[in-house]
K.L.:
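Structure provided below as structure tokens; questions to follow.
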Protein chains: 2
Amino acid sequence: MVTLADVARHAGVSASTVSYVLSGKRSISAPTRERIQRSIDALGYRPHAGARALASSRTGILALMMPLRTGLYVPVMMEIAMAVTTTARAHGYDVLLLTGEEGPEAVRRVEGSAVADGMIVMDVELDDPRLPDLRAAERPAVLIGLPADTADITGLDCVDLDFTAAGARCVDHLADLGHRRIAVLGEPPAIYERGTGYAARTLAGLREAAVRRGVGLLHRPVEGTYAAVAAAVTRVFEERPGTTGLVVQNEAAVEPLLALLRHQGRAVPEDVSVVAVCPDQVALHASVPLTAVSVPARDMGRRAVERLVARLAGEAPRGTELLAPLLTARAGSGPAPRTAPRTHPEDRRGHGGR
Amino acid sequence: MVTLADVARHAGVSASTVSYVLSGKRSISAPTRERIQRSIDALGYRPHAGARALASSRTGILALMMPLRTGLYVPVMMEIAMAVTTTARAHGYDVLLLTGEEGPEAVRRVEGSAVADGMIVMDVELDDPRLPDLRAAERPAVLIGLPADTADITGLDCVDLDFTAAGARCVDHLADLGHRRIAVLGEPPAIYERGTGYAARTLAGLREAAVRRGVGLLHRPVEGTYAAVAAAVTRVFEERPGTTGLVVQNEAAVEPLLALLRHQGRAVPEDVSVVAVCPDQVALHASVPLTAVSVPARDMGRRAVERLVARLAGEAPRGTELLAPLLTARAGSGPAPRTAPRTHPEDRRGHGGR
DNA sequence: GTGAAAGCGCTAACAA
DNA sequence: TTGTTAGCGCTTTCAC
């Protein structure tokens, strides 16, 4: 293995000079620097990560804590992870992958063994058990998601989509189009029960806007299966026959929903408008391109890294950063039908796949 | 920060004794070991990862190189990554996430800077540019996927599903049910062009079995959009009207396909049988539970880590391990219809969503 | 602008 | 069974 000492000898300088060429923390004369650089290239030298970590107490690694028990549809998580990784690389960092299931222990492990310089935590719950350890930690952490308490005050650093505004935006869009009765197909019940912040905040935004705009709102958590979606939608139309607007926040439910509406003979958007809260790609590739508030997974991952790197450089103060929701109108939504939609004979038949 | 020396002082022993308690590489008397353990707990000591890496030249980290440019549907990649991470943890390793886009340079970086003890490489292409560096590396690597040349001979270590057998299994299943004309909806053209091994191997298996069983086989690469699937399927039924068996190897195409068949009035499995090559979860949660050869993502990740860990322990020789395909029959496939399916008026209409 | 040298915290011979 | 000690390869003060 080629060491820094080898490079120094080859270039006829001292070890410290080589080190300073690498770190740029000292001005080096051009000739010396070039000579050293040639030696580095000639010998194929790479600094030993462990030695560097020991001497400088900086590892060049960011830990990313990612949920393990995501269900079937995980593009958002994946996109965040990849954005984190590429952004980190762009700043000279590598990414260590931790599973959320390790819980607070993983936080302590990273902190105690100095295996990473800081961490990014995904899938934050309203009352997350990792928060105490994250607050106590020396190393900076950035959360993707918001816990229940006001993050600013408690010294945490958060990045997230403004889901409250996103929910409101969906209702406003439909209300602007003349829809008076809206139903929401939400994430599976387990997500709400677990205390996942984004789901609760979206719902709050939906409700606030519904009250403000004077439109009726029905909320149904659903599993992402065809049968579950069919059951929920059928009930909605039975209980609120005049429903013409649908909001979906459940990636797995999007295609089942569209298939079902087609099956029931409800045209989108002529009879029913559908607005989704999901990644742009999902909305775009659906069998009917959907109007959607996009979940900017890439931006979230990127911003989280940028904040963390800034903190490591001693720059930024901590705080909460909410990304503004962006609604893109597509074929899935249109003006509310002027007359109540005709009765659908399918409403009385059973649905749910086969 | 608590160091090993602090623990030694607190317990009244030498540093090496503490080190040996931690590593278990030396027998320590019970009283001493317990006393030291109490000191460790009392002080909350954690070994410094960098110091350990420097002194022992072992980092306790496995690098995982993962494709970045996976399309929309990535459950398989995600599941492998998570299986790798949890299995690695179970063996005392952490996982460093690298993007495949870094290419051979990432391999050199890991090798040169000793940031990980070994690596796992996903998304291996038939003639992968990373192979030379992987072969030259001191540190062991395990590939998930097979390159073109016989891996055993060239000293690489591979884990993968036996996709050739998987393809054959699909055709055999349909042939056993009496189907005589089979069409394959494959991955997007780019996947084949890129030289991704699994797609080519599956196709080889499909073709071999088709010849062996004397059934007709049509192969169509498709993008995972409703429009693309609709176009491909419509063409298939026009060109081979008697087609009653469909094999899908394209996660994104599964739901569009089922929706389209429903739309065309082709009952599954009465008119058309559908067999998929995909993760069990995808097959199970489809709007029609599909007969499928499951891609055992979890097992692949687990086995890759186990092999790598064995190599790091100096045990195992390198070689290729192909996991046997397992076909699970579900509602999506049934006996071939005895008469040719009726003509579908939809065949003459245009499809493709909206 | 450059060099010398003292660690960083741990492991693993070598000694006892 | 335990202790002593020499590094591991790099960073960074201090000195010139």
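Every heavy atom of this structure was used, including side-chain atoms; hydrogens, water molecules and symmetry mates were not. We name chains A, B, ... by the order of the sequence lines, and we start the count at 1 in each one.
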K.L.:
Listed by chain and number, what are the side chain to side chain contact (heavy atoms under 4.5 Å, CB included) partners of B:Ala53, not counting sequence neighbours?
P.N.:
B:Thr59
K.L.:
Tell me: CZ of B:Arg58 to C1' of C:dG9, nearest whole Å?
P.N.:
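For the pair B:Arg58 CZ and C:dG9 C1', the rounded distance is 18 Å.
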K.L.:
Would you say B:Lys25 places a side-chain N or O within less than 4.0 Å of OP1 or OP2 belonging to C:dT11?
P.N.:
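Result: no.
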K.L.:
Expressed in angstrom and rounded to an integer, what is the separation of A:Leu22 atom CG from D:dG9 atom P?
P.N.:
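Result: 16 Å.
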K.L.:
Could you name each residue pair satisfying salt bridge (Lys or Arg N to Asp or Glu O under 4.0 Å) that touches residues 31-54 of chain B, not counting sequence neighbours?
P.N.:
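Sorted pair list: A:Glu105-B:Arg46.
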K.L.:
Check DNA chain C against residues 38-45 of chain A and give the residues with a non-hydrogen atom under 4.0 Å, in numerical order.
P.N.:
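Residues of residues 38-45 of chain A that come under 4.0 Å of DNA chain C do not exist, since none gets that close.
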K.L.:
Please identify each residue that fulfils side chain to side chain contact (heavy atoms under 4.5 Å, CB included) with B:Asp133, with sequence neighbours left out.
P.N.:
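Here the qualifying residues are B:Pro104, B:Val107, B:Arg108.
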K.L.:
For a quick check, with a 4.0 angstrom heavy-atom cut-off, what is the B/S/- contact string for nucleotides 2-8 of chain D, read 5' to 3'?
P.N.:
BBB--BB
K.L.:
Using the side chain to side chain contact (heavy atoms under 4.5 Å, CB included) criterion, which residues pair with A:Thr17? Sequence neighbours excluded.
P.N.:
A:Val13, A:Ser14, A:Ile28, A:Thr32, A:Ile36
K.L.:
Report yes or no: does B:Thr196 contribute a side-chain atom to a donor-acceptor pair with the main-chain N or O of B:Ile191 at less than 3.5 Å?
P.N.:
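Confirmed, B:Thr196 side chain pairs with B:Ile191 backbone.
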K.L.:
Please confirm whether the shortest side-chain N or O distance from B:Arg52 to OP1 or OP2 of C:dG9 is below 4.0 Å.
P.N.:
no
K.L.:
Under the salt bridge (charged side-chain N to carboxylate O under 4.0 Å, His left out) test, which residues partner B:Glu102, sequence neighbours left out?
P.N.:
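Once residues adjacent in sequence are excluded, the partners of B:Glu102 under the salt bridge (charged side-chain N to carboxylate O under 4.0 Å, His left out) criterion are A:Arg89, B:Arg109.
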K.L.:
Tell me, which pairs form a salt bridge (Lys or Arg N to Asp or Glu O under 4.0 Å) where one or both residues lie in residues 54-67 of chain A, sequence neighbours left out?
P.N.:
A:Arg58-A:Asp117
K.L.:
With sequence neighbours excluded, tell me which residues meet salt bridge (charged side-chain N to carboxylate O under 4.0 Å, His left out) with A:Asp123.
P.N.:
A:Arg69, A:Arg194
